[in-house]
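Okay, so here's the structure we're looking at.
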Amino acid sequence: MELSDVVATAMFTGVVLYGLFGGADFGSGFWDLTAGGARRGGRLRVLIDHSIGPVWEANHVWLIYILVFLWTAYPTVFAAITTTLFIPLSLALLGIVLRGANFAFRKYSATMSQARLFGALFAGASLIAPFFLGTVAGAIASGRVPAEGYGDQLTSWLNPTSLLGGLLAVGTSAFLAGVFLTADAARSGDPALAAYLRPRVLTVSALTGAIAIAAIVPIRHDAPTLGAGLLGRAFPLIVVSAAAGVLTLVLVYRRRYRPARIAAVVAVAAIVIGWAVAQTPWILVDQMLIAEAAGARATLQALLIVVALAAVTVVPALVYLFWLTQTDAWVRDETIHRGPGEQSGDPARSPAPQGRSD
């Protein structure tokens, strides 16, 4: 394997991790948006706050990692992407900023009306960001980013492959978040909330899987190089993704939420890796090969040294952070549980916990 391929693999590892952790983070906005009013959706929103609150900023480490790799190892590609896809990249960045700001503002709202406004902005921005990031991926994979940059500002991302990429990014994010939130609800001792989420997660999962399978047909016509790769060398990964998706549905249906999380991760990771395999050896499909775009050998070697150092310093800290969120006492917080004297039943009709803005 060439050095440029090793660096590209290291960079794309960040894409996979951002798709998983950032995707589950973004997907929580879908469940926040569809939770209902303050009384109906209060408990679910508290669960969302508890689940993503400790990690939502850490998840964007992978986005920074990807961007630094791209502009350092493949500067011409970075220039081509940013000059061609300035609009969707700006909208994705706007979504990320609005999402983070309003997630914080909602917690400290002085009135219910403010909490509703900030909550709606948080939820909406959580859908905007993955959608436009998905359109960027679709533009690159469909060969609409010229090597010299400054491609068409609109048709480069307003096309079938890009729009399907955006839709799938939102769908897979909601799928991951739904499975994780259902598992968190069960683990925190609130089976009623888990039961409330379960049929909704099954519906979202089935719809996302159906869209992913149906998308192959228009992609084959709109992006023939990518389509040929998906049905060629990447096809085993597509099969793995489909099998893991079906397994996730079965496990959620049987209330086996813990292993369902693993199956969901495999389903999404396999489809993202399959996209990379399908477009290899192109970094800009039909425009520029990975080997052609790579920077100086000394630069690539330095980047790999940085990756090794990060693996020793940053990754263990992130692993420890995620381990804490899955094991410490906050999962037993009584704000998630029923209050004294509250009867079990439909969690959607339970009052929102006291002392919270939502």
Side-chain angles (χ1 to χ4, degrees), residues 1-23 26 58-97 129-151 153 156-157 161-162 165-166 169 225-226 269 272-311 314-315:
M1 182 181 290
E2 297 291 334
L3 182 60
S4 59
D5 294 326
V6 175
V7 173
T9 301
M11 181 178 70
F12 201 81
T13 299
V15 175
V16 175
L17 292 171
Y18 190 56
L20 293 173
F21 296 109
F26 287 133
N59 290 330
H60 293 300
V61 165
W62 301 113
L63 179 60
I64 297 169
Y65 171 91
I66 296 162
L67 292 175
V68 170
F69 249 81
L70 187 60
W71 82 54
T72 306
Y74 308 99
T76 56
V77 174
F78 179 82
I81 291 173
T82 53
T83 55
T84 301
L85 302 172
F86 175 80
I87 294 175
L89 285 170
S90 297
L91 292 172
L93 177 60
L94 177 64
I96 291 171
V97 172
F131 177 81
F132 285 109
L133 289 174
T135 64
V136 169
I140 295 169
S142 61
R144 289 182 167 90
V145 179
E148 65 275 12
Y150 297 98
Q153 295 287 320
S156 59
W157 61 279
T161 302
S162 290
T225 300
L226 177 66
V272 176
I273 296 171
W275 158 47
V277 171
Q279 76 169 60
T280 303
W282 301 99
I283 190 166
L284 296 177
V285 173
D286 297 333
Q287 302 291 330
M288 185 178 290
L289 297 170
I290 294 172
E292 296 174 340
R297 186 175 182 84
T299 300
L300 302 184
Q301 292 172 336
L303 278 173
L304 291 179
I305 293 173
V306 171
V307 170
L309 292 174
V314 178
V315 172

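- Contact check for L70 versus I81: side-chain heavy atoms found under the 4.5 Å cut-off.
- The CG atom of L67 sits 8.0 Å away from atom CD1 of I64, with the distance rounded to the nearest 0.5 Å.
- By the 4.5 Å heavy-atom criterion applied to side chains, Y18 and L133 are counted as neighbours.
- Take F132 and apply the ring-ring contact (aromatic ring centres under 6.0 Å, His included) test, not counting sequence neighbours, and it matches W157.
- Closest approach of A80 to P146, counting heavy atoms only: CB-O, 3.4 Å.
- Across Q153 and T83, no two heavy atoms sit closer than the pair NE2-O, 2.8 Å.
- With rounding to the nearest 0.5 Å, the separation of CZ in R144 from OG1 in T161 is 5.5 Å.
- With hydrogens and angles disregarded, a donor-acceptor distance shorter than 3.5 Å links the side chain of E292 to the backbone of L289.
- Heavy atoms only, all atoms of each residue included: A169 and G134 are closest at CB-CA, 4.1 Å.
- How far CG of L85 is from CG of L91: 11.5 Å, rounded to the nearest 0.5 Å.
- Counting all heavy atoms, side chain and backbone alike, M288 lies closest to A147 at CE-CB, 3.5 Å.
- Taking CG of L17 as the start and CG of L63 as the end, the distance is 12.5 Å to the nearest 0.5 Å.
- Rounding to the nearest 0.5 Å gives a distance of 7.5 Å between OG1 of T9 and CD1 of I290.
- Aromatic ring centroids of F78 and W71 lie under 6.0 Å apart.
- Shortest non-hydrogen contact noted between V307 and A10 is CG2-CB, 4.5 Å.
- By the 4.5 Å heavy-atom criterion applied to side chains, T225 and Q279 are not counted as neighbours.
- Heavy atoms only, all atoms of each residue included: Y150 and T84 are closest at N-OG1, 3.3 Å.
- Contact annotation: the side chain of L226 never approaches that of V285 to less than 4.5 Å [non-hydrogen atoms, C-beta and beyond].
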Requested in this report: Verify side-chain contact (heavy atoms from CB on, under 4.5 Å) between V145 and V77, making sure each step is shown before the conclusion.
Outcome: CA-CA 9 Å; V145 179; V77 174; over 6 Å; no

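- Two residues are said to be in side-chain contact when any heavy atoms from C-beta on lie closer than 4.5 Å; L300 and V6 fail this criterion.
- Atom-to-atom distance recorded for F26:CZ and N59:CG is 8.5 Å, nearest 0.5 angstrom.
- Ring orientation note: the planes of F69 and Y65 are tilted relative to one another, at an angle of 30° to 60°.
- Residues I283 and Y74 meet the side-chain proximity criterion, which asks for heavy atoms closer than 4.5 Å.
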